[in-house]
Visitor: 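Before I ask anything, here is the structure I am working with.
Note that the coordinates shown come from a computational prediction; the quantities given were computed from them, not determined experimentally. Below, chains carry the letters A, B, ... as their sequence lines are ordered, and counting in each starts from 1. Computed over heavy atoms, backbone and side chain alike; hydrogens, waters and symmetry mates excluded.
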2 protein chains.
Amino acid sequence: MNGQNPGSVSKLLVQICKLRRNKSNTLLATAGLHSGQDILLYHLSVEDGQTVSALVEKICIQHATISTMIDRMEAAALIRKEKDSLDKRVSRIYLMPKGKEALSQVVHIWNELEAVSLKGLTTDQHSLLAELLQLVLKNLS
Amino acid sequence: MNGQNPGSVSKLLVQICKLRRNKSNTLLATAGLHSGQDILLYHLSVEDGQTVSALVEKICIQHATISTMIDRMEAAALIRKEKDSLDKRVSRIYLMPKGKEALSQVVHIWNELEAVSLKGLTTDQHSLLAELLQLVLKNLS
DNA sequence: AATATTTAGTTAGTCGGCTAACTAAAATTA
DNA sequence: TAATTTTAGTTAGCCGACTAACTAAATATT
């Protein structure tokens, strides 16, 4: 199944994601975060007070998933959930001091992960990889 | 944070893995499998009757994770767990008919995922991508 | 105005993944 | 041989992710 041909890109992706995720988790743990919470905080840093639905779309996650996630992050004082005054169906999520603090560490963690992943690659290789991954991303979308 | 530079490979990887995983899950569901169970079955197809520890190493997973996974897959009649007669600590895992049947679908699913992911890429681009991902994988190992 | 439909989130239940703490058996070592 | 250490798996508890079924509120329709 794996002779001289280019090899399975899927398998490589699975392995890379597993390793990347493990590394990310251990780093995020030092910031008191769990896997995926970094992304939620990031989107709030771009725009605070977003609705749950808006976050769902940006993170590409299910309503059910983010719902419990938000509850846990609120319990951890990272964020705050508040009902919208006009539309009582919607909830808006706001960053809390502890969330902002974690966020500053998240940036470093992301930079470190990126640096480790691309160690030894030339700028051209980096660009090429990004381009090719863009194509793959488009194919899967 | 994201100007004209090559862009974050990490972000691309995260998005790709999320989409790939979703596609994989829906396909695997048609074979009666859950995420990750395909890989376990594959390794058993390479060598049946492996110990739990051997599978742990090959799949790069935690003992605890595979333990419950095996129980569930045994309950689903995909595999069978048997205590080794010589060393009573170890358990050996064997493919069951239902597992073999699912396996035949897994091959097709993997091929389809690979094809979808690489649609539109030339052979050169495919090779290049695999090479670059190999470098990233090595960096993360 | 009353009914139906769409939209926003939540809850229950399942699965993969992890860590930490544990049992049991084999292999070392004193 | 008896005590210690290592090895193999399990269990409990947590988190992210999903589907399916649900509540509640706003909007559309009749």
Visitor: Does the pair A:D84/A:R89 count as a salt bridge with the N-to-O cut at 4.0 Å?
Guide: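 No salt bridge links A:D84 with A:R89.
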Visitor: With respect to the phosphate group of D:dC18, does any side-chain polar atom (N or O) of B:N22 fall under 4.0 Å of OP1 or OP2?
Guide: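 Yes, B:N22 has a side-chain N/O under 4.0 Å of OP1/OP2 on D:dC18.
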Visitor: Output the rounded distance in Å from CG (B:L55) to C1' (C:dG17).
Guide: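 One finds 16 Å between C1' of C:dG17 and CG of B:L55, rounded.
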Visitor: So if I take residues 67-81 of chain A and measure heavy-atom distances to DNA chain D, which residues fall below 4.0 Å?
Guide: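 Heavy-atom contacts with DNA chain D come from A:M69, A:R72.
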Visitor: Provide, to the nearest angstrom, the distance between the CD atom belonging to A:E57 and the P atom belonging to C:dA8.
Guide: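 After rounding, the gap between these two atoms is 9 Å.
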Visitor: Charged N to carboxylate O below 4.0 Å: is that the case for B:E82 and B:R80?
Guide: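 Yes, B:E82 and B:R80 are salt-bridged.
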Visitor: In whole Å, I'd like the distance from the NE2 atom of B:H34 to the P atom of D:dA17.
Guide: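 Whole-Å distance recorded here is 18 Å.
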Visitor: To the nearest Å, how far apart are A:Q15 CD and C:dG17 C1'?
Guide: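 Nearest whole value for this atom pair: 17 Å.
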Visitor: When you match B:V52 and B:R21 each to their closest nucleotide on DNA chain D, which lands nearer the 5' end?
Guide: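 So the residue in question is B:V52.
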Visitor: Under 4.0 Å: is that the gap between some side-chain N or O of A:Q37 and OP1 or OP2 of D:dC15?
Guide: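 No, no such contact exists.
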Visitor: Cation-pi check, A:K83 to A:Y94: give yes when NZ or CZ is under 6.0 Å from the six-membered ring centre and within 45° of the ring axis, no otherwise.
Guide: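 Judged by the rule (NZ or CZ under 6.0 Å from the ring centre, within 45° of its axis), A:K83 is not positioned above A:Y94.
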Visitor: For the hydrophobic clusters of this structure (ILVMFWY residues joined by side-chain heavy atoms under 4.5 Å, transitively), does one cluster hold both A:M96 and A:L103?
Guide: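 No: no chain of side-chain contacts under 4.5 Å links A:M96 to A:L103.
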Visitor: Examine distances only and state if a side-chain atom of A:E112 and a backbone atom of A:I109 form a donor-acceptor pair shorter than 3.5 Å.
Guide: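 Between the backbone of A:I109 and the side chain of A:E112 there is no qualifying donor-acceptor contact (under 3.5 Å).
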Visitor: Does a side-chain N or O of B:S91 approach OP1 or OP2 of D:dA8 to a distance below 4.0 Å, or not?
Guide: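 No, outside the criterion.
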Visitor: For the hydrophobic clusters of this structure (ILVMFWY residues joined by side-chain heavy atoms under 4.5 Å, transitively), does one cluster hold both A:L40 and A:V90?
Guide: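 No, A:L40 and A:V90 fall in different hydrophobic clusters.
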Visitor: Report the distance from atom CD1 of A:I66 to atom P of D:dC18, rounded to the nearest whole Å.
Guide: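 Interatomic distance, CD1 of A:I66 to P of D:dC18: 11 Å.
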Visitor: Rounded to whole angstrom units, what separation is found between the CG atom of A:L40 and the C1' atom of D:dC15?
Guide: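 About 14 Å, once rounded to whole Å.
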Visitor: Pairs of donor and acceptor atoms involving the side chains of residues 52-63 of chain B, under 3.5 Å and at least two apart or interchain, shall be tabulated with distances.
Guide:
unit_1	atom_1	unit_2	atom_2	d
B:S53	OG	B:H63	NE2	3.4
B:K58	NZ	B:Q50	OE1	2.6

Visitor: Report, as a single string ordered 5' to 3', how protein heavy atoms within less than 4.0 Å touch nucleotides 19-27 of chain C: B base, S sugar-phosphate only, - not at all.
Guide: BB----BS-
Visitor: For B:K23 and D:dC18, give me the distance from atom NZ to atom C1', rounded to whole Å.
Guide: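 Rounded to the whole Å, the gap is 16 Å.
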Visitor: Does any N or O in the side chain of A:E114 come within less than 3.5 Å of the main-chain N or O of B:V9, such that one atom is a donor and the other an acceptor?
Guide: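 Answer holds: yes.
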Visitor: Where the side chain of B:S45 meets the backbone of B:Y42, is there a donor-acceptor pair that is under 3.5 Å apart?
Guide: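 Answer holds: yes.
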Visitor: Rounded to the nearest angstrom, tell me the gap between atom CD1 in B:I61 and atom P in D:dG9.
Guide: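 Computing the B:I61:CD1 to D:dG9:P distance gives 14 Å.
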